[in-house]
2 protein chains.
Amino acid sequence: MPATIKDVAKLANVSISTVSRVINNAPNVNPNTRKRVLDAINKLNFKPNKIAQSLTATAFPAIGIVSLTRFSNEAFLPLILQSIGEVADKKDYEIVLNTSKDENQEIKKCISMIESKVIQGIIILSSKVNDPLIEKLYEMKFPFVLLGRYTNERIANEIYSVDTDNFADSKEAVEYLFKLGHNRIAFIHGPLKYVVSQDRLSGYIEAHKEAAIPVDYSIIKDGGSSIKEAYLAAKEILKNPNPPTAVFVSDDSKAVGVYRACQELNLKIPDDISVIGHNNYEISQILSPQLTTIDVPIKDLGIIGTRKLFDLIEGIPTEKRTILDTKFIKRKSCKSLI
Amino acid sequence: MPATIKDVAKLANVSISTVSRVINNAPNVNPNTRKRVLDAINKLNFKPNKIAQSLTATAFPAIGIVSLTRFSNEAFLPLILQSIGEVADKKDYEIVLNTSKDENQEIKKCISMIESKVIQGIIILSSKVNDPLIEKLYEMKFPFVLLGRYTNERIANEIYSVDTDNFADSKEAVEYLFKLGHNRIAFIHGPLKYVVSQDRLSGYIEAHKEAAIPVDYSIIKDGGSSIKEAYLAAKEILKNPNPPTAVFVSDDSKAVGVYRACQELNLKIPDDISVIGHNNYEISQILSPQLTTIDVPIKDLGIIGTRKLFDLIEGIPTEKRTILDTKFIKRKSCKSLI
DNA sequence: AATGAATTTAAAAACGTTTTCACAAAAACT
DNA sequence: AGTTTTTGTGAAAACGTTTTTAAATTCATT
């Protein structure tokens, strides 16, 4: 049986209150006594029971992450988890994972963790267009930070979030292609239930509007959330009777599917077709030719988002919405037609 | 302030013991009383405080996962986390993540979670050759399950683990290449500090031994843990004055680097060079030509490993070591030379 | 030396549950 | 009817801490 505070008290011949004071570095404890207690603690290898500590604090030091499935297939899960971990570690908080697959279970699990006092805050990894989880958490006034953007007008400006400007970045990429002389550009996006997919699509459309180039929905396709789906989408697009001269993919890993489709159809990148990706995953440098893409500071999203969450938890005033800078990275997958 | 058991007791006009009995579905409570209590619980939206519950149980229902960095770059982190989550959810256990980067911190964090009573068991995602964490946990007799194999003779047979037979699978792949008439086969492996990398290398070597084909270490290279490193390794190997006719890569995602290297050097797969991967990630079907590989049941590793851990926690006897079946998947990346 | 203030300590209450023990009431036996 | 068993309930202790209150000790001041 591990030692408790009582054992320490007995051995050091003091009361448990004194031991508690020593543990918590309270002032007002005689240096001699402190030493005696510290010795006892060492001798017994005493470690305070975190559960018991949180009972009086009425809060267990942990934050929740919701949820893996919001982008389970994406290359950045490890990065984002690790960056969240870095910040949480410094605060000596635990990270508890919500791995729920379906939406109902996801919410239920969250509420349960909150109500049973297991977590003090939540990081939401990505937002859906009408996100019942976000609505619910907002309504509960429970501290949470969204890594993304929420669109529901009523509360969009009220929630705390960290994001990049997907709309602008997407627009910029398309404009770059316009400048290169492309005016028939395909777009392969992720599942439109996610706001990030919507935003990237909107940027694509807005660029067209501003350039007065009509949007052709026959070359805009859902690339799902797997490489294979993107590959299938690309193949369909490229077989279009009036094929595009460029394709913009909303995720580098989906670009792998596009490259494959091009290869199969004997289309040379960038000579026959230009490609741009998004996110700047490692793979974008390995693809041949190297992929032009938009660098998203994934680790910073995690770090800054988690810091914001701790500000919320600790009642420190913090900016509602933080937009992180991105960088358009020109590589070898685009060709000028002019 | 959320309702406590006392509030419920008062409203239902019973003692807190009775409420507790209702919460825990104890027998011996009058149907009428039970109904009254249930009504009160609903009216107050009472949810037992898990922290308080675990204080008396002297154990918080959670398991730890150690650690992300043990294969942060691999495609199967989401899968494994999710499969662990599935099982833990059923048991109503939380999953707490250890995201430590360096080895010392990893151990410290683990010990701390154990000693402060935050977790009841640990899943170790992968083993190192001399793994101080495993040694320590074993010595502490703390319940843990390794997803992999441990080599330290003294305790190898004592620890609980789930794994595939990396040695045999690797050997089989090489033998397949032999049968196809290849006898100069390169090997690109992962970091040798991990047992899985060692085992896959050993299988490669053993196949050579049995076939009485000398092992040439100039075409065996460390592909690190990134696609880029694998790409670099492949390039070096392929430039060998006496180049191999096939390359076996210990991870499908590394195979992407190999494909890229071949392309750059104008080597056609499988005509000029055959390639075999390992793990059967989604990417292996997207690569062109589709990659011959070894299917590893990733989700099953997680599910069976976590079940085993719960057996340990609950004191149910369970098999020490479980080996899962794999499947050699022939696709288009190998050519017969005969 | 007496008073008051500051420091240090102990005792006890509290956090929200579960569990043990005791006892009353009801039911089942003689 | 009297005795035993079963059922249902409440009071109190326990889990391992922190926090509050109060008391004892030390120290400075007069």
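Chain A is the first sequence line, chain B the second, and so forth, proteins listed ahead of strands; every chain is numbered from 1.
- Along DNA chain D, the nucleotide nearest to A/N24 and the one nearest to B/R36 differ in position, and the one closer to the 5' end is contacted by B/R36.
- Checking the phosphate oxygens (OP1, OP2) of C/dT8, no side-chain nitrogen or oxygen of A/T33 falls inside 4.0 Å.
- B/L55 places its CG atom 7 Å from the P atom of D/dG16, with the value rounded to the nearest Å.
- With rounding to whole Å, A/Q53 atom CD is found 14 Å from D/dC15 atom C1'.
- Residue side chain B/R21 reaches the base of D/dG10 through a donor-acceptor N/O pair under 3.5 Å, judged by distance alone.
- Look at NZ on B/K47: it is 17 Å from C1' on C/dT17, rounded to the nearest Å.
- Note: NZ (B/K117) to P (D/dT17) measures 8 Å, nearest angstrom.
- Side chains of A/N98 and A/E106: no donor on one and acceptor on the other come within 3.5 Å.
- Of the residues in residues 4-17 of chain A, A/N13, A/V14, A/S15, A/S17 come within less than 4.0 Å of DNA chain C through at least one heavy atom, sorted by number.
- Distance CZ (A/R34) to C1' (C/dT9): 13 Å, rounded to an integer number of Å.
- Rotation axes derived from the C1' atoms of the five outermost pairs at either end of the helix from C/dA1-D/dT30 to C/dT30-D/dA1 lie 50° apart, to the nearest 10°.
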Audit row: A/E94, A/K50, salt bridge (Lys or Arg N to Asp or Glu O under 4.0 Å) steps and yes/no: CA-CA 11 Å; A/E94 309 296 341; A/K50 227 178 203 172; 3.0 Å; yes

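- In this entry the distance linking CG of B/N30 with C1' of C/dA24 reads 14 Å, nearest Å.
- Between B/S20 and C/dT18 there is a side-chain polar atom (N or O) within less than 4.0 angstrom of OP1 or OP2.
- Side-chain contact, A/S112 with B/K47: no donor N or O sits under 3.5 Å from an acceptor N or O.
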